[in-house]
Amino acid sequence: MSTSYLEKVRQVSKQFFQLPVEEKEKYARAANDSEGYGNDRIVSEKQVLDWSYRLMLRVYPIEKRRLSLWPQNPTDFSEILEDFSIKVRSMMEYLLRCMARSLNLEEDSFLDQFGEQSLFAARFSFYPCCSRPDLVHGLKPHTDRSVMTVVLQDKEVEGLQVLIHDKWVNVPTIPNAIVVNLGDQMQIMSNGIFKSPLHRVVTNKEKLRMSVAMSCEPGAKNEIGPVESLITDTRPRLYKNVRNYGEINYRCYQEGKIPLEMVKYADNNFHQN
Ligand SMILES: O=C(O)CCC(=O)C(=O)O
Ligand SMILES: [Fe+2]
């Protein structure tokens, strides 16, 4: 993907967020739904809200698309989203095959767990300037629920940070690069070999920031779990098999709990030789 192509994707996102509020509200998410335009969906009284506006859209499976929520303005929004999704999805599939091979697995070991109804969603985020970056996050510390997330960051404004050895480290903005992040479901499928890092987005007093994130995960009804051959005597099973992990992750995130703790395999400490 060329620099000018990535710039085009950033451009349609910017054009959407620059629309008047009434125009954006046409694509507002329903109160109990994450899809569409708006702020955080409320699921808990303990929730601390993020300083951001988002437009979340499901792209695959095609029959799950809610086209009434896809902006008509800018006019090329849908076409660009569709095209970018095709490119990102095939890149993800390629990476997932490479990652399986790097562990000496059949190359489809991870992809096979996605099932027929695998989900692929786009999240356009807009983080306005904030007068108290010391108090407010653009996005609270979290791990992604997905298997893999690809982030097209703002061309100039940093904000994404990842926790490395207990320190928050800035992910640099590189205009012609995209960030590939692994999510919790990859940590589960790889039995803890591939890690899902904790990350957050900080706010900024002077500059607003935008990003486009694309994520992939198995269909909600599909059971996922550690690939059999990655469970060994020296590496016992770390996680249970689960369905609809996305919902577990979202609720835990909003309550400040660690979602992967919920799916730990209880017998883990009872392996003895
Ligand atoms: O805005 C970003 O750079 C990252 C967004 C993110 O972490 C997410 O959508 O899960
Ligand atoms: Fe994230």
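Just follow the structure's listing: the first ligand is 1, and inside any ligand the first atom is 1.
- The distance criterion of under 3.5 Å between nitrogen or oxygen atoms is not met by Thr149 with respect to ligand 1.
- Heavy atoms of His142 approach ligand 1 to within less than 4.0 angstrom.
- Between Tyr37 and Phe16, the ring centre distance stays below 6.0 Å.
- Within a 6.0 Å radius of CG in Leu49, more than 12 heavy atoms belonging to other residues, nucleotides or ligands are found.
- Checked by distance only, ligand 1 and Arg209 come closer than 3.5 Å through their nitrogen or oxygen atoms.
- Without hydrogens or angle criteria, Asp154 side chain to Met210 main chain gives a donor-acceptor distance under 3.5 Å.
- When you scan the N, O or S atoms of His142 for the one nearest the Fe ion (ligand 2), you land on NE2.
- Taking the six-membered ring wherever Trp is involved, the centroid distance between the rings of Phe77 and Tyr27 does not fall below 6.0 Å.
- When the N, O or S atoms of Asp144 are ranked by distance to the Fe ion (ligand 2), OD1 comes first.
- Neither the backbone nor the side chain of Ser125 has any atom closer than 4.0 Å to an atom of ligand 1 (non-hydrogen atoms only).
- Under 4.0 angstrom from ligand 1, there are no non-hydrogen atoms of Val171.
- Judged purely by atom type and a 3.5 angstrom limit, Arg29 has no side-chain atom pairing as donor or acceptor with the backbone of Gly38.
- Closest to atom 9 (O) of ligand 1, if we only count protein heavy atoms, is Arg123 NH2, 2.7 Å.
- The protein heavy-atom contact nearest to atom 6 (C) of ligand 1 is Leu139 CD2, 3.4 Å.
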